[in-house]
Novice: 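My questions will all concern the structure given below.
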Amino acid sequence: MKIALVQVASPADESPADRRARVGRMVAAAAGADLVVLPELWAPGYFAFDRYAAYAESLTGPTVTAARAWAKELGSHLHLGSVVERDAQGRLFNTAVLLAPDGSLVHTYRKVHVFGHASREAALLTPGDRLTVAAAPWGQVAATTCYDLRFPELWRDLVDRGAQTVITPAAWPAARREHWRLFTTARAVEQQVLLIACNAVGVQGDGVELGGHSRVVDPWGTVLVEAGTDEGVTRCEVDPGIVARVRDAFPVLADRRWPPATAPAAPDPTAEALTGP
């Protein structure tokens, strides 16, 4: 399986149409990959909070429509990162989208853990409330987005639903780059998944530098590829059978014992000593 990670910058002085055209050319440069992955909210720029409403669109809007054409031209699966989605009720979501080689929709994920620290995402966007897994030629695939990396319980839920590969678009700041490396490796190892993480680059908002270093990490924790901090395409090749082999050779997931599958726990024998006379 050939993977291409496309790191994108989102300069404030670029129009939506110009950005889509530029990113389309970058995606075209990833020809030959089986899966092409873009970062989180590259169309408005994650930290361009004042643009969220203006850039919001349905899943039939201009960004998704352009990406459908790119996928068909490539003949590849394309994870377009995420868009600011406006639903029929007018709510805004940070929605990740995976497209098939024919341009059809394979999987969507509305970001559950919207970010509030030095960010207006949590104030502007509605958190998602659903996790799903979809079939792909390389196995069962799911998505998380950026801040979700800090919440392993969400990842374990995805694994329980059958996920073998997790795609994670992000706009992770350079100031916390070592956290990015730590969490992408940890999630891959603890959940025994192939983790494909594509981060944004450049400077956004009030001078926030994005961290880049998009990476692919296998279930052993081996970093198969890691990009730098520039725009461009980073490629690697992955054996799609790696997840099944690791889980079979080292069956951590099968050895879980918590929560117990029995009746409610017996009373804590120390409770009386701690609370009694």
Side-chain angles (χ1 to χ4, degrees), residues 1-11 19 22-43 45-47 67 70-71 74 76-83 94 96-99 109 111 115 136 138 141-150 155 165-189 191 193-204 208-238 242:
M1 174 186 176
K2 296 177 181 178
I3 299 170
L5 305 169
V6 184
Q7 294 194 152
V8 176
S10 300
R19 183 162 305 161
R22 181 171 61 82
V23 172
R25 292 191 292 272
M26 295 175 70
V27 169
D34 301 302
L35 172 66
V36 179
V37 184
L38 288 161
E40 179 185 17
L41 296 185
W42 54 266
Y46 175 85
F47 286 93
W70 301 340
L74 287 171
S76 306
H77 279 77
L78 171 63
H79 195 287
L80 66 76
S82 66
V83 297
N94 185 339
V97 178
L98 175 64
L99 302 169
Y109 164 70
K111 186 178 181 181
F115 193 47
W138 59 88
V141 62
T144 70
T145 304
C146 201
Y147 191 38
D148 288 324
L149 280 165
R150 293 183 181 272
W155 289 72
T165 297
V166 181
I167 302 170
T168 304
W172 199 282
R176 295 186 289 277
R177 184 180 292 133
E178 290 311 310
H179 294 189
W180 165 256
R181 286 188 168 121
L182 171 65
F183 291 132
T184 50
T185 300
R187 297 296 87 84
V189 172
Q191 310 301 341
V193 296
L194 177 67
L195 195 156
I196 302 167
C198 188
N199 197 21
V201 295
V203 177
Q204 296 182 15
V208 179
E209 180 186 355
L210 280 300
H213 285 261
S214 300
R215 59 207 321 250
V216 178
V217 188
D218 79 9
W220 283 124
T222 302
V223 179
L224 302 178
V225 74
E226 182 167 330
T229 57
D230 296 328
E231 276 198 329
V233 179
T234 301
R235 298 174 182 266
C236 77
E237 192 160 352
V238 179
I242 184 66

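Atoms considered below: every heavy atom in the structure, side chains included; atoms not considered: hydrogens, waters and symmetry mates. Not measured: the values here are computed from a predicted model.
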Novice: Are Asn94 and Tyr147 linked by a side-chain donor-acceptor pair shorter than 3.5 Å?
Specialist: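 No, Tyr147 and Asn94 have no side-chain donor paired with an acceptor closer than 3.5 Å.
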
Novice: Which pair of non-hydrogen atoms, one from Trp180 and one from Ala197, has the smallest distance, and what is that distance?
Specialist: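 The pair with the smallest heavy-atom distance is CH2-CB, 3.5 Å.
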
Novice: Do Val8 and Met26 make a side-chain contact, defined as non-hydrogen atoms from C-beta onward lying under 4.5 Å apart?
Specialist: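 Side chain of Val8 against side chain of Met26, heavy atoms only: contact under 4.5 Å found.
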
Novice: With rounding to the nearest 0.5 angstrom, report the OG1 to CD distance, Thr229 to Glu209.
Specialist: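 Answer for the OG1-CD pair, Thr229 versus Glu209, is 7.0 Å.
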
Novice: Going by heavy atoms in the side chains, are Asp34 and Trp138 under 4.5 Å from each other?
Specialist: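 They are not in contact (no side-chain heavy atoms under 4.5 Å apart), so the answer is no.
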
Novice: Which value, rounded to the nearest 0.5 Å, describes the distance between Arg177 atom CZ and Leu210 atom CG?
Specialist: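 These two atoms lie 10.0 Å from each other.
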
Novice: Taking the side chain as everything from C-beta on, heavy atoms only, tell me whether Phe183 gets closer than 4.5 Å to Thr168.
Specialist: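 Contact flag for Phe183/Thr168 side chains = no.
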
Novice: Going by atom types only, do Ser214 and Gln7 share a side-chain donor-acceptor pair under 3.5 Å?
Specialist: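 Judged by distance alone, the side chains do pair up.
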
Novice: Within the structure provided, determine whether Trp172 and Leu149 are in side-chain contact (heavy-atom separation under 4.5 Å).
Specialist: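 The answer is yes, as the side chains (C-beta and beyond) meet within the 4.5 Å cut-off.
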
Novice: Of all residues at least two apart in sequence or in a different chain, which pass the salt bridge (charged side-chain N to carboxylate O under 4.0 Å, His left out) check with Glu231?
Specialist: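 Here the qualifying residues are Arg22.
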
Novice: If I compare all heavy atoms of Ala200 with all of Pro39, which pair ends up nearest, and what's the gap?
Specialist: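 Distance-wise, the nearest heavy atoms are N-CB, 3.6 Å.
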
Novice: Between the side chain of Thr184 and the main-chain N/O of Arg181, is any donor-acceptor distance below 3.5 Å?
Specialist: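 Yes, because the side chain of Thr184 sits within donor-acceptor range (under 3.5 Å) of the backbone of Arg181.
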
Novice: Is any side-chain heavy atom of Leu224 closer than 4.5 Å to a side-chain heavy atom of Val238?
Specialist: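 Yes; the side chains approach each other to less than 4.5 Å.
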
Novice: Just by distance, do the side chain of Arg215 and the backbone of Val223 share a donor-acceptor pair under 3.5 Å?
Specialist: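 Not at all, since once roles are kept as given, no pair shorter than 3.5 Å links the two residues.
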
Novice: Could you measure the distance from the SG atom of Cys198 to the CG atom of Leu5? Nearest 0.5 Å is fine.
Specialist: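 These two atoms lie 5.0 Å from each other.
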
Novice: If you look at every heavy atom in Leu35 and Met1, which pair is closest and at what distance?
Specialist: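 Distance-wise, the nearest heavy atoms are CD2-CE, 3.6 Å.
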
Novice: Taking all non-hydrogen atoms of both residues into account, name the closest pair between Cys146 and Glu40 and its distance.
Specialist: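 Taking Cys146 first and Glu40 second, the nearest heavy atoms are CB-OE1, 3.1 Å.
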
Novice: Looking at Ile242 and Pro219, what are the two nearest heavy atoms and their distance?
Specialist: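 Residues Ile242 and Pro219, closest heavy atoms: CG1-CD, 3.9 Å.
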
Novice: Quick one: pull up CD1 in Ile167 and CD1 in Ile196 and give me the separation to the nearest 0.5 Å.
Specialist: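 Atom-to-atom, Ile167:CD1 and Ile196:CD1 are 5.0 Å apart.
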
Novice: What closest approach, in Å, do Ala4 and Val233 show between heavy atoms, and which atom pair accounts for it?
Specialist: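 Looks like CB-CG1, 3.9 Å.
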
